[in-house]
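Heads up, the thing below is written out as structure tokens.
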Amino acid sequence: DAGGYLETMHAAGEELNAHGRGAAGAAYFRRAVRWLANQLARDPHHRAHRYWMGTALYDAGQWQSAEPYFASLAADFPDRLQYRGLEALVLARAGRLADAERRLGPRPRVTPAEHTIYRARLAAIDGRRENAITLLAQAVSEGYESLPWLHAVAFRDFGGLLGDPRYHTLMQPDSAP
């Protein structure tokens, strides 16, 4: 299954990045981008391939290149918080924080912790460490479900928090109250 292979390759790249092996992680992202470029040349509207392409480019630090993929997904699926959140991240990386916050939109009732995580990532990108820590703690207390993967998924976003012991405490699986 190509999707499972791609997801595994991508997760390996994220984990390598998060654990100080950026060059090895980058190799996984380059492979993913090459494979996805071929797939998207055949079907440029394939939802999963657009998502994975944007994610591979974002994780490789190529935020400007990731933006059209996330923007198109957010436009095509405006009810999906994940796509709006990812587009918000690339807008913040471009120095457009007000646009990023506007794109993220209001806090939904259904997935409040996911929304809070995107707000924490935006705050961290913007250099607001205390706000990022507060929001991360809030998301954990709200029961954010993807905490085991967050250290790798948001590695570049939370990079400014890595020296903060509160960040490391919050990233532990048993940190929820």
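Atom set for the values below is all heavy atoms of this structure, side chains included, hydrogens, waters and symmetry mates excluded.
- More than 12 heavy atoms of other shown residues, nucleotides or ligands fall within 6.0 angstrom of atom OH in Tyr144.
- Using the six-membered ring where Trp is involved, Tyr51 and Tyr83 have ring planes that are tilted, between 30° and 60° apart.
- Put simply, Tyr58 and Phe29 are part of two different groups of oily side chains (I, L, V, M, F, W, Y) that touch within less than 4.5 Å, one to the next.
- The two atoms that bring Asn17 and Gly25 nearest to each other are OD1-CA, 4.0 Å, heavy atoms only.
- Looking only at atom types and distance, the side chain of Asp59 has a donor-acceptor partner in the side chain of His10 under 3.5 Å away.
- Contact between Pro68 and Ser65 at its shortest, heavy atoms only, is CD-O, 3.3 Å.
- Closest approach of Ala100 and Leu122 over heavy atoms only: CB-CD2, 4.0 Å.
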Show, in sequence, the C-alpha distance, side-chain angles and deciding distance for Leu162 and Phe155, and conclude whether the side chain to side chain contact (heavy atoms under 4.5 Å, CB included) test is met. CA-CA 9 Å; Leu162 294 177; Phe155 173 73; 3.7 Å; yes
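- Placement of Leu73 and Tyr118 within a single hydrophobic cluster is found when ILVMFWY residues are connected by side-chain heavy-atom separations under 4.5 Å, directly or transitively.
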Side chain to side chain contact (heavy atoms under 4.5 Å, CB included) between Leu150 and Leu136, worked out | CA-CA 10 Å; Leu150 188 62; Leu136 181 57; 3.8 Å; yes
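- A distance of 12.5 Å separates NE2 of His46 from CE of Met53, quoted to the nearest 0.5 Å.
- Grouping the Ile, Leu, Val, Met, Phe, Trp and Tyr side chains by contacts below 4.5 angstrom, directly or via other members, places Leu135 apart from Trp149.
- Here Trp52 contributes atom CH2 and Leu36 contributes atom CG; the two are 9.5 Å apart, rounded to the nearest 0.5 Å.
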Using the rule given for side chain to side chain contact (heavy atoms under 4.5 Å, CB included), can you reason through Leu89 versus Phe70, listing the C-alpha separation, both sets of side-chain angles and the distance that settles it, and then say yes or no? CA-CA 9 Å; Leu89 295 176; Phe70 294 149; over 6 Å; no
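- Checked against a 6.0 Å centroid threshold, the rings of His19 and His151 count as neighbours.
- One hydrophobic cluster, built from ILVMFWY side chains closer than 4.5 Å, cannot hold both Leu91 and Leu97; they sit in different ones.
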*Given the rule in the salt bridge (Lys or Arg N to Asp or Glu O under 4.0 Å) test, do Glu142 and Arg119 qualify, once you have shown the distances and angles that lead to the verdict?*
CA-CA 14 Å; Glu142 292 170 344; Arg119 289 179 53 222; over 6 Å; no
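- Arg96 contributes atom CZ, which lies 9.0 Å from atom CZ of Arg102 (distance to the nearest 0.5 angstrom).
- Note that CG of Leu81 and CG of Leu86 are 9.0 Å apart. Values are rounded to the nearest 0.5 Å.
- Separation of atoms CD1 (Ile117) and CD (Gln82) is listed at 13.0 Å; rounding is to 0.5 Å.
- Annotation for Glu15 and Ala152: closest pair OE2-CB, 3.6 Å, computed over non-hydrogen atoms.
- For the residue pair Leu6 and Ala32, the shortest heavy atom distance occurs at CD1-CB, 3.9 Å.
- A pairwise comparison of heavy atoms in Leu57 and Ala66 identifies CB-CB, 3.9 Å as the closest pair.
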Test salt bridge (Lys or Arg N to Asp or Glu O under 4.0 Å) applied to Glu130 and Arg166, step by step: CA-CA 10 Å; Glu130 291 301 316; Arg166 297 172 298 171; 2.8 Å; yes
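- In this structure, Ile125 CD1 and Arg121 CZ are separated by 7.0 Å, a value rounded to the nearest 0.5 Å.
- Using a 4.0 Å cut-off between a side-chain N of Lys or Arg and a carboxylate O of Asp or Glu, Arg103 and Glu67 do not qualify as a salt bridge.
- Of the candidates His45, Arg47, Arg50, Asp76 forms a side-chain hydrogen bond (donor to acceptor under 3.5 Å, both in side chains) with just one, namely Arg50.
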Start with the C-alpha distance between Trp35 and His49, add both sets of side-chain angles, then the distance that settles side chain to side chain contact (heavy atoms under 4.5 Å, CB included), and finish with yes or no. CA-CA 10 Å; Trp35 187 84; His49 292 159; 3.8 Å; yes
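- In this structure, Arg84 contributes its side chain and Ala74 its backbone to no donor-acceptor pair below 3.5 Å.
- Judged purely by atom type and a 3.5 angstrom limit, Arg129 uses its side chain to pair as donor or acceptor with the backbone of Gly160.
- Using a 4.5 Å cut-off between side-chain heavy atoms of Ile, Leu, Val, Met, Phe, Trp and Tyr, with links allowed through other members, Val153 and Trp63 fall into different hydrophobic clusters.
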